[in-house]
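By convention in this document, chain letters (A, B, ...) are assigned in the order of the sequence lines, proteins followed by strands, and residues within each chain are numbered from 1.
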Number of protein chains: 2
Amino acid sequence: MNIGQAAAQAGLHAKTIRYYEDIGLILPAARGANGYRDYGVEDLHVLRFVQRARGLGFSVRDCRDLLSLYHDRNRASADVKALAEQRIASIEVKVAELRSLAATLSHLVERCAGDDRPDCPILDDFAEAHHA
Amino acid sequence: MNIGQAAAQAGLHAKTIRYYEDIGLILPAARGANGYRDYGVEDLHVLRFVQRARGLGFSVRDCRDLLSLYHDRNRASADVKALAEQRIASIEVKVAELRSLAATLSHLVERCAGDDRPDCPILDDFAEAHHA
DNA sequence: CTTGACCTTCCAGCGGCTGGAAGCTCAATA
DNA sequence: TATTGAGCTTCCAGCCGCTGGAAGGTCAAG
């Protein structure tokens, strides 16, 4: 299977797969007589694995760790679980940050008349606020 | 006031201020006889403005628009409000995405024994799932 | 036998900084 | 006065995770 098909099956761009190979996230694919990369069923598992993990927000660094657990027949599922829990925790941190930003903006928006006059508490806040 | 002091007052790094000048987000600062950038009170307002807007998650592109409204004596506060509302909306989209990721991960984590055995529904899902 | 889609490599750029090198100036100290 | 050391200047490179484009080889269909 050529890279284009593999990409389609895995939900990735061909370019992305080459990039992953480049940075050593995945092993170099086998090559056909014409020099084209050739992907088999297990390669597809790996590619899907990466696209799924990336899609769930794991960094490429995390994906390296996850892949090495995936390949390790003697892994402990606890290690995988720990990575997933870390990921959940960092998502929750991010969500909290974003909600706080949204709340701040909402307060400002509420106080802004939103008409054709120039007076604007949002701009005033931006320019004048001293935020610790 | 030199760039270091201005940076401290505005809550930015000196490097960041030079960068903002470089990309034309802020106007080039006045220069002293020694060639050092020299910042005054109004410059500080602008710098704080940018750090506050960036801190609230506005992109540099957004900051350009916000700054031009800030400088426009004939602005309509409605335009500012609209930008802020857009920003809130995009935060909410992001939060929803993240919560969905966390939920998916939580389901997987729940099903993982998290012991010293290799069997792991998380890894299984990653490698085998066909997610539309 | 040509078209056009696919494949290959390599290099450049996105956003938004951040770090480092090399060389100024300036204020304080020995 | 001579010298630190901090702070300023410029410029170039790198971070992440791709993505786009150029220049070229290969393949299947018409």
(message) Salt bridge check, A:R18 against A:D22: does any charged N sit closer than 4.0 Å to a carboxylate O?
(response) no

(request) Using a cut-off of strictly less than 4.0 Å, decide whether A:R31 has a side-chain nitrogen or oxygen near OP1 or OP2 of C:dT9. (result) yes

(message) Quick check on DNA chain D: between A:V60 and A:A33, whose nearest nucleotide comes earlier from the 5' end?
(response) A:V60

(request) Taking all heavy atoms of A:V50 and all of A:C63, pick out the closest pair and write down the distance. (result) O-SG, 4.5 Å

(message) So, OP1 or OP2 of D:dC18: does either fall under 4.0 Å of a side-chain N or O from A:R54?
(response) yes

(request) Nearest whole angstrom, please: distance from the P of D:dC16 to the CG of A:D62. (result) 13 Å

(request) May I have the distance from A:N2 (atom CG) to D:dC27 (atom C1'), rounded to whole angstrom? (result) 10 Å

(message) C:dT8, OP1 or OP2 - any side-chain N/O from A:R37 closer than 4.0 Å?
(response) yes

(request) Using atom OH of A:Y39 as one end and atom C1' of C:dC7 as the other, report the distance to the nearest whole Å. (result) 11 Å

(request) To the nearest Å, give me how far apart OH (B:Y36) and C1' (C:dC24) are. (result) 7 Å

(message) Assess whether a salt bridge exists between A:D115 and A:R117, defined as any Lys/Arg side-chain N lying under 4.0 Å from an Asp/Glu carboxylate O.
(response) yes

(request) Taking the side chain as every heavy atom from C-beta outward, state whether A:L123 and B:R75 have any pair of such atoms under 4.5 Å apart. (result) yes

(message) I need the residues from residues 12-28 of chain B with at least one non-hydrogen atom less than 4.0 Å from DNA chain C; give them sorted by number, or say none.
(response) B:H13, B:K15, B:T16, B:Y19, B:Y20

Name every donor-acceptor pair, under 3.5 Å, that has one atom in a side chain of residues 91-114 of chain A and the other anywhere in the protein, sequence neighbours excluded.
unit_1	atom_1	unit_2	atom_2	d
A:T104	OG1	A:S100	O	3.0
A:S106	OG	A:A102	O	2.8

(request) Using whole Å, report how far CD1 of B:I3 lies from C1' of D:dT10. (result) 12 Å

(request) For the residue pair B:F49 and B:Y70, categorise the inter-ring angle as parallel (less than 30°), tilted (30 to 60°) or perpendicular (more than 60°). (result) tilted

(request) Ignoring backbone atoms, establish whether A:N34 has a side-chain N or O less than 4.0 Å from OP1 or OP2 of D:dC27. (result) yes

